[in-house]
Amino acid sequence: MTEPSRKGRPVLLGQNQYGKAETRVVRITRDGATHHIKDLNVSVALSGDMEEVHLSGSNANVLPTDTTKNTVYAFAKEHGVESAERFGIHLARHFVTSQEPIRRARVRIEEYAWERIEVPDAGSRVPGADEPRHSFVRKGQETRVTQITYDGDAWEVVSGLKDLVVMNSTDSEFWGYVKDRYTTLPEAHDRILATQVSARWRFGWTGDEQPMPDWDTSYEQVRKHMLQAFADTYSLSLQQTLYEMGARIIDHRDEIDEVRFSLPNKHHFLVDLKPFGLENDNEVYFAADRPYGLIEATVLRDGREPRIPVDLTNL
């Protein structure tokens with residue numbers, strides 16, 4: 001907290017930060033005729049010795065947010081985008097080490113995946129045409145995310161994904177729960193289990209004295225183990241499935257210390273077809289988008305403390 005303003009008002013300035021949000025940058029790497037795409041949405045927040053701009057309006061310690069935006073574009077050229085995490089680390093290090101008033105940088109990045117469009121068989125292409133290696137289609141619904149925080153001494157990298165929709169059409173039950181006079185939900189011994197995964201995982205890497213993880217490989221492997229656990233778990237509750245997803249990540253990925261999930265239960269209810277003289281043998285469902293159950297929890301490596309925020313809304 002800063003001292004009260006010079007006008008003597010009993011007012012204190014609390015935590016503050018500023019920066020440029022949602023700088024969209026697309027980096028094309030041309031490897032001969034083959035192109036590669038990194039499509040990012042970068043948000044930077046800076047904090048430090050910024051009291052005077054609030055108290056007196058002095059901009060002497062303020063790096064313009066437009067400069068922050070320009071730095072993102074320049075670094076995309078100078079450093080390339082090997083991974084969202086490494087790109088964010090370059091940016092955070094630059095802001096903290098190049099501007100004395102800036103003591104802490106937080107870089108949040110969303111990455112939108114593209115996949116190469118498969119080419120037709122050679123015999124079906126126009127004679128003399130080059131094999132297309134520069135055509136892409138947006139991949140899936142999920143968005144990869146990362147947040148890099150640096151204070152000049154220690155790093156914290158939290159990565160993850162959002163909007164990954166998954167479903168098991170069987171091997172899920174829900175029964176034996178508490179019932180009171182407001183309970184109308186029938187017990188289910190064979191139901192659809194579906195959710196839209198929002199997950200964040202925190203790396204044990206905290207500084208340059210440690211080997212840096214292979215960020216892309218880590219993402220692919222964490223996602224794989226998460227999905228395999230969802231598919232392999234015979235679920236008696238979404239909570240049980242969540243725990244198995246997190247535990248499998250911790251068991252298989254040594255670089256991960258903590259996983260946080262937010263899983264809305266995408267309810268599917270059997271449609272009553274009896275008025276039409278039809279039996280519904282777990283075949284026709286109504287997909288309800290709201291209200292929905294929301295299951296959230298953190299899974300930790302033994303001996304580690306939770307640091308991922310409980311609310312993932314802005315992470």
Side-chain angles (χ1 to χ4, degrees), residues 22 41 43 108-112 140-147 156 158-202 219 222-251 253 256-271 282 285-301 304-315:
E22 301 200 39
N41 188 22
S43 295
R108 289 177 173 167
I109 301 176
E110 296 180 342
E111 179 176 349
Y112 312 115
Q141 292 181 317
E142 75 186 80
T143 299
R144 177 176 172 178
V145 297
T146 190
Q147 175 177 288
E156 181 181 83
V158 177
S159 295
L161 55 79
K162 60 182 181 179
D163 300 329
L164 178 65
V165 180
V166 293
M167 173 190 289
N168 282 330
S169 57
T170 189
D171 286 353
S172 176
E173 305 180 21
F174 187 58
W175 54 273
Y177 43 80
V178 174
K179 300 178 181 69
D180 66 14
R181 67 193 185 103
Y182 301 111
T183 301
T184 59
L185 183 72
E187 292 189 340
H189 295 273
D190 185 6
R191 67 170 185 168
I192 287 176
L193 181 68
T195 186
Q196 183 169 308
V197 180
S198 182
R200 305 292 186 273
W201 48 88
R202 181 171 57 84
Y219 179 84
V222 168
R223 183 182 184 278
K224 180 190 77 172
H225 289 300
M226 181 192 309
L227 292 178
Q228 287 179 346
F230 179 83
D232 288 346
T233 302
Y234 190 103
S235 179
L236 299 177
S237 67
L238 183 51
Q239 288 91 331
Q240 177 194 13
T241 299
L242 179 155
Y243 179 78
E244 292 300 328
M245 291 164 70
R248 184 154 180 160
I249 293 169
I250 297 296
D251 284 341
R253 301 306 304 176
I256 306 298
D257 283 348
E258 176 186 5
V259 187
R260 176 79 183 172
F261 289 103
S262 180
L263 303 182
N265 198 332
K266 312 290 279 186
H267 297 298
H268 290 69
F269 299 111
L270 280 170
V271 178
N282 292 332
Y285 295 83
F286 166 66
D289 64 346
R290 64 194 65 181
Y292 53 83
L294 183 60
I295 312 303
E296 299 177 299
T298 296
V299 182
L300 290 164
R301 187 175 301 282
R304 303 300 193 269
E305 295 294 327
R307 298 180 62 180
I308 299 176
V310 170
D311 185 1
L312 298 183
T313 305
N314 294 312
L315 177 61

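Below, all heavy atoms of this structure are taken into account, side chains as well, without hydrogens, waters or symmetry copies. Predicted, not measured: the structure shown is a model, and the values here were computed from it.
Looking at every heavy atom in both residues, Ala288 comes nearest to Phe269 through CB-CE1, 3.9 Å. Summarising the geometry of Ser172 relative to Leu193, their closest heavy-atom pair is OG-CB, 3.6 Å, with the distance given to 0.1 Å. Pairing each heavy atom of Thr146 with each of Ser159, the nearest pair is OG1-OG, 2.9 Å. Heavy-atom minimum distance, Phe230 versus Asn168: O-ND2, 3.0 Å. Here the closest non-hydrogen pair linking Glu258 and Pro306 is OE2-CA, 3.4 Å. Between Ile256 and Arg301, the shortest heavy-atom contact is O-NH2, 2.7 Å.
A distance of 9.5 Å separates CZ in Arg144 from CD1 in Ile109, rounded to the nearest 0.5 Å. Distance OH/Tyr177 to CG/Leu185: 4.0 Å, rounded to 0.5 Å. In this structure, OG in Ser198 is found 10.0 Å from CG in Leu164, a value given to the nearest 0.5 Å. Atom CZ of Arg248 sits about 10.0 Å away from atom CG of Leu227, to the nearest 0.5 Å. Interatomic distance, CZ of Arg304 versus CZ of Arg202, reported as 8.0 Å (0.5 Å rounding). A distance of 7.5 Å separates OH of Tyr292 from NZ of Lys266, quoted to the nearest 0.5 Å.
A tilted orientation is assigned to the rings of Trp201 and Tyr219, their planes being inclined by 30° to 60°.
A donor-acceptor pair is defined here as one N or O able to donate and one able to accept, closer than 3.5 Å; no such pair exists between the side chain of His225 and the backbone of Ile250. The backbone N or O of Ile192 sits nowhere less than 3.5 Å from a side-chain atom of Tyr285 that would complete a donor-acceptor pair. For the pair Thr195 (side chain) and Pro264 (backbone), a donor-acceptor distance under 3.5 Å is present. Side-chain N or O atoms of Ser43 include one that pairs as donor or acceptor with a backbone N or O of Glu22 at under 3.5 Å.
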message: Could you walk me through whether Ile249 and Met226 satisfy the side-chain contact (heavy atoms from CB on, under 4.5 Å) test, starting with their C-alpha distance in whole Å, then the side-chain angles of each, then the deciding distance to 0.1 Å, before giving a yes or no?
response: CA-CA 7 Å; Ile249 293 169; Met226 181 192 309; 4.1 Å; yes
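Listed by chain and number, the residues in a side chain to side chain donor-acceptor pair (under 3.5 Å) with Glu296 are Ser262 (sequence neighbours excluded).
At least one side-chain heavy atom of Leu312 sits less than 4.5 Å from a side-chain heavy atom of Arg260. Residues Arg191 and His268 are not in side-chain contact: their nearest non-hydrogen atoms beyond the backbone lie 4.5 Å or more apart. Side-chain contact between Arg200 and Gln147: absent, with no pair of heavy atoms (C-beta onward) separated by less than 4.5 Å. Residues Glu110 and Lys162 form a side-chain contact, since some pair of their non-hydrogen atoms from C-beta on lies under 4.5 Å apart.
Residue Tyr234 places its OH atom among more than 12 non-hydrogen atoms of other residues, nucleotides or ligands, all under 6.0 Å distant.
Pairs of residues two or more places apart, or lying in two chains, that qualify as salt bridge (Lys or Arg N to Asp or Glu O under 4.0 Å) and include a residue from residues 165-183 are Lys179-Glu187.
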All N/O donor-acceptor pairs, side-chain side in residues 236-245, below 3.5 Å, sequence neighbours left out:
| from | atom 1 | to | atom 2 | distance (Å) |
| --- | --- | --- | --- | --- |
| Ser237 | OG | Gln240 | N | 3.0 |
| Gln240 | OE1 | Leu236 | N | 2.7 |
| Thr241 | OG1 | Ser235 | OG | 2.8 |

